[in-house]
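Here's the structure we're looking at; comments come further down.
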Amino acid sequence: MNTVWMTVAAYLIGSISFAVVSSKLFGLADPRTYGSKNPGATNVLRSGNKAAAIATLIGDAFKGWLAVWLAIHFQQRLQIGDATIALVAIAVFLGHLWPVFFRFVGGKGVATAAGVLLGLNVWLGVATLVTWLVVAFAFRYSSLAALVAAVFAPFYYGLLFGVEPQLAAVFLMCVLLVYRHSGNIAKLIAGKESRIGSKSKGKN
Ligand code: G3P
């Protein structure tokens, strides 16, 4: 029973789109109407408002971290197993991608995945974030950095903890993240992807 309500609660937490919420709070246009139209920190940055982009990044990462941290923190008391923690991890991520509060139109999941990984284990999160930073600084493509980090994250988990249910969740999350970046992959190949910090071109 705990597994069911915890998974549903994680999905609902994930469904809060901080790109939409922070844009409203900062008096900006809805990020689903400009740039890549993705409700995520990278696209909010295209509005030119760094504070709103940072708020989006922190909010979306925090919800992923919170859901997983709560599940791990209360694991003993609620007598839940690793499979439930894996379900919570994937549920909060699915909430971000297909949010019930926003007609199931969500983001690509980069910040939320980072939060989930940090919640599962701080070193797992740090290793993945360092991977993102190295690629982002080298190439200045947010999407490329996310894609490379997503490829490495399951390997980091396997190296740190071996095969367990959470590894399946991390793997599925990274597969979905890559899938959500199909448009970005096409633009990267075509040399049309916008670099970090460049303003909206009004299309995707
Ligand atoms: O966080 C998503 C990022 O990897 C790409 O975003 O807006 O450039 O499609 P965007």
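As a basis for the values below, the full set of heavy atoms in this structure was taken, side chains included, without hydrogen atoms, waters or symmetry mates. In this text, all values refer to a predicted model and were calculated from it rather than measured experimentally. First listed ligand is number 1; within each ligand, the first listed atom is number 1.
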Using a 4.5 Å cut-off on heavy atoms from C-beta on, say whether the side chain of Gln79 contacts that of Asn2.
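A side-chain contact under 4.5 Å is absent here.
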
Quick one: closest heavy-atom pair of Ile90 and Met173, and the distance?
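Reported closest heavy-atom pair: CD1-N, 3.6 Å.
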
Can you see which heavy atom on Ser17 is nearest to which on Pro39, and at what distance?
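The pair with the smallest heavy-atom distance is OG-CB, 3.9 Å.
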
Who's closest to atom 3 (C) of ligand 1 heavy-atom-wise, of His181, Arg195, Arg180, Lys187?
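Answer by nearest heavy atom: His181.
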
Does ligand 1 have any atom sitting under 4.0 Å from a heavy atom of [X]?
{"X": "Ser142", "value": "yes"}
{"X": "Lys37", "value": "no"}
{"X": "Ser143", "value": "yes"}

Atoms of ligand 1 close to [X] [distance to a heavy atom under 4.0 angstrom, numbered from 1]:
{"X": "Ser36", "answer": "7 (O), 9 (O), 10 (P)"}
{"X": "Val110", "answer": "1 (O), 2 (C), 4 (O)"}
{"X": "Arg46", "answer": "7 (O), 8 (O), 10 (P)"}
{"X": "Asn184", "answer": "5 (C), 8 (O), 9 (O), 10 (P)"}

Geometric cation-pi criterion, Arg46 with Tyr34: 6.0 Å, 45°:
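No, Arg46 does not sit over the ring of Tyr34.
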
Using only heavy-atom distances, determine whether the side chains of [X] and [Y] contain a donor-acceptor pair under 3.5 Å.
{"X": "Thr131", "Y": "Tyr156", "answer": "yes"}
{"X": "Glu193", "Y": "Asn184", "answer": "yes"}
{"X": "Asn121", "Y": "Gln166", "answer": "no"}

Taking distance alone, with no angle check, do Glu193 and ligand 1 share an N/O pair under 3.5 Å?
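Between Glu193 and ligand 1 (N or O atoms, distance only) the closest approach is not under 3.5 Å.
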
